[in-house]
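What follows is one structure encoded as structure tokens, with my remarks underneath.
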Amino acid sequence: MALQIWEALKEAIPEYTGLSPATFFTVLALALAVYHVASGLFGSSDRPREREEESQPLPPPVQLGEITEEELKQYDGTDPKKPLLMAIKGQIYDVSLSRMFYGPGGPYALFAGKDASRALAKMSFEDKDLTGDVSGLGPFELEALQDWEYKFMSKYVKVGTVKKSVPETGDGAPTGEPTESADRDVAKPAEDGPIETAAVKTEETPSGADVAKE
């Protein structure tokens, strides 16, 4: 069967192309080679750029110092120009190296831009646990949180700390100061000496019995 097809091709090639079978297949092979080279040059011109962009090193971590939780939210990965940050136990780390995990669309994206200590300790994805408050955690949860902290310390660069808010009283003064000022107010009368004045007055003014005797 194959021999019959070959014989038919040998007869058809000169008739339709005017070339001998050997010349025809040589030209065909050259055309395929040229096409392959051309497609390799032009078709893959964008690939080196993509690889170059992927292989570009990340910018060095920027030290932020002490920032508030509200400011930390700006580094949740939604802005590609800003580093991807996450805090644990009040310590902020640059996790841009693991953007596929903590960046938008990643499995742990909801932890980015927050102090998620409680959520990490409990392995919880609930909004109420996305906080740095670790009060009430059990020993196993605290141990799990410690493991997370060791992992962050060994893999990522610390770039700052979360500023803790100070509880305030109704008049806006931090708690603890009113007590101190109250103590000073209580001690003031003793310093001014109304008691001492009363004692001097008692000594200088004769009693009713002494007046009667005189």
Side-chain angles (χ1 to χ4, degrees), residues 43-182:
S44 61
S45 59
D46 294 334
R47 293 179 184 175
R49 292 182 182 178
E50 295 176 359
R51 292 176 182 175
E52 184 179 352
E53 291 177 358
E54 293 176 358
S55 61
Q56 283 182 352
L58 294 171
V62 178
Q63 294 295 325
L64 300 177
E66 189 177 45
I67 62 175
T68 64
E69 291 184 354
E70 194 64 29
E71 292 172 327
L72 180 59
K73 292 179 182 178
Q74 302 175 12
Y75 302 92
D76 61 353
T78 54
D79 188 348
K81 296 181 181 179
K82 293 183 178 180
L84 182 63
L85 305 182
M86 179 179 163
I88 181 170
K89 296 176 70 174
Q91 308 301 309
I92 304 172
Y93 297 90
D94 188 330
V95 295
S96 302
L97 183 66
S98 301
R99 184 173 289 271
M100 61 182 299
F101 293 104
Y102 299 104
Y108 302 116
L110 74 168
F111 296 156
K114 303 179 185 69
D115 186 334
S117 299
R118 191 175 192 86
L120 291 173
K122 300 176 66 176
M123 283 310 298
S124 169
F125 293 92
E126 297 184 14
D127 291 339
K128 65 178 182 179
D129 292 324
L130 296 175
T131 174
D133 182 14
V134 296
S135 59
L137 294 178
F140 293 105
E141 293 170 333
L142 291 174
E143 185 178 353
L145 180 60
Q146 189 67 55
D147 291 340
W148 275 103
E149 185 179 21
Y150 286 149
K151 175 185 176 182
F152 273 60
M153 291 172 62
S154 61
K155 187 174 182 179
Y156 307 116
V157 177
K158 177 185 170 183
V159 295
T161 56
V162 178
K163 186 177 182 180
K164 295 182 180 179
S165 57
V166 180
E168 295 185 352
T169 58
D171 57 357
T175 56
E177 289 188 3
T179 305
E180 185 180 350
S181 59

Gln63: what forms a side chain to side chain contact (heavy atoms under 4.5 Å, CB included) with it, not counting sequence neighbours?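 So Gln63 forms a side chain to side chain contact (heavy atoms under 4.5 Å, CB included) with Val157, Val159.
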Mind listing the closest non-hydrogen atom pair of [X] and [Y] along with its distance?
| X | Y | result |
| --- | --- | --- |
| Thr78 | Asp76 | OG1-OD1, 2.8 Å |
| Lys151 | Ser154 | O-OG, 3.0 Å |
| Gly77 | Pro104 | O-CG, 3.4 Å |
| Leu145 | Ala121 | CB-CB, 3.8 Å |

Distance in Å, [X] [atom1] paired with [Y] [atom2], rounded so as to fall on 0.5 Å steps:
| X | Y | atom1 | atom2 | value |
| --- | --- | --- | --- | --- |
| Leu120 | Leu130 | CG | CG | 9.0 Å |
| Asp129 | Lys122 | CG | NZ | 4.0 Å |
| Lys163 | Ile67 | NZ | CD1 | 11.5 Å |
| Lys73 | Thr68 | NZ | OG1 | 9.0 Å |
| Arg118 | Glu126 | CZ | CD | 11.0 Å |

Hey, are the side chains of [X] and [Y] touching, using non-hydrogen atoms and a 4.5 Å cut-off?
| X | Y | value |
| --- | --- | --- |
| Tyr156 | Gln91 | no |
| Met153 | Tyr93 | yes |
| Lys164 | Thr161 | no |

Tell me, with the steps shown, if Val95 and Phe152 meet side-chain contact (heavy atoms from CB on, under 4.5 Å). CA-CA 9 Å; Val95 295; Phe152 273 60; 4.0 Å; yes
Using the side chain to side chain donor-acceptor pair (under 3.5 Å) criterion, which residues pair with [X]? Sequence neighbours excluded.
| X | answer |
| --- | --- |
| Thr131 | none |
| Glu149 | Lys89, Gln146 |
| Asp133 | Ser135 |

Validation: residues 79-87 side-chain donor-acceptor distances under 3.5 Å, sequence neighbours left out:
unit_1 : atom_1 : unit_2 : atom_2 : d
Asp79  : OD1    : Lys81  : N      : 3.1
Lys82  : NZ     : Gln74  : OE1    : 3.4

Is it the case that over 12 heavy atoms from other parts of the model lie below 6.0 angstrom from the CE atom of Met100?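 At most 12 heavy atoms, drawn from other residues, nucleotides or ligands, come within 6.0 Å of this atom.
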Starting from the C-alpha separation in whole Å, work towards a yes-or-no answer on side-chain contact (heavy atoms from CB on, under 4.5 Å) for Tyr75 and Leu64. CA-CA 11 Å; Tyr75 302 92; Leu64 300 177; 3.9 Å; yes
Please identify each residue that fulfils ring pair (Phe, Tyr, Trp, His ring centres under 6.0 Å) with Phe111, with sequence neighbours left out. Tyr108, Phe125
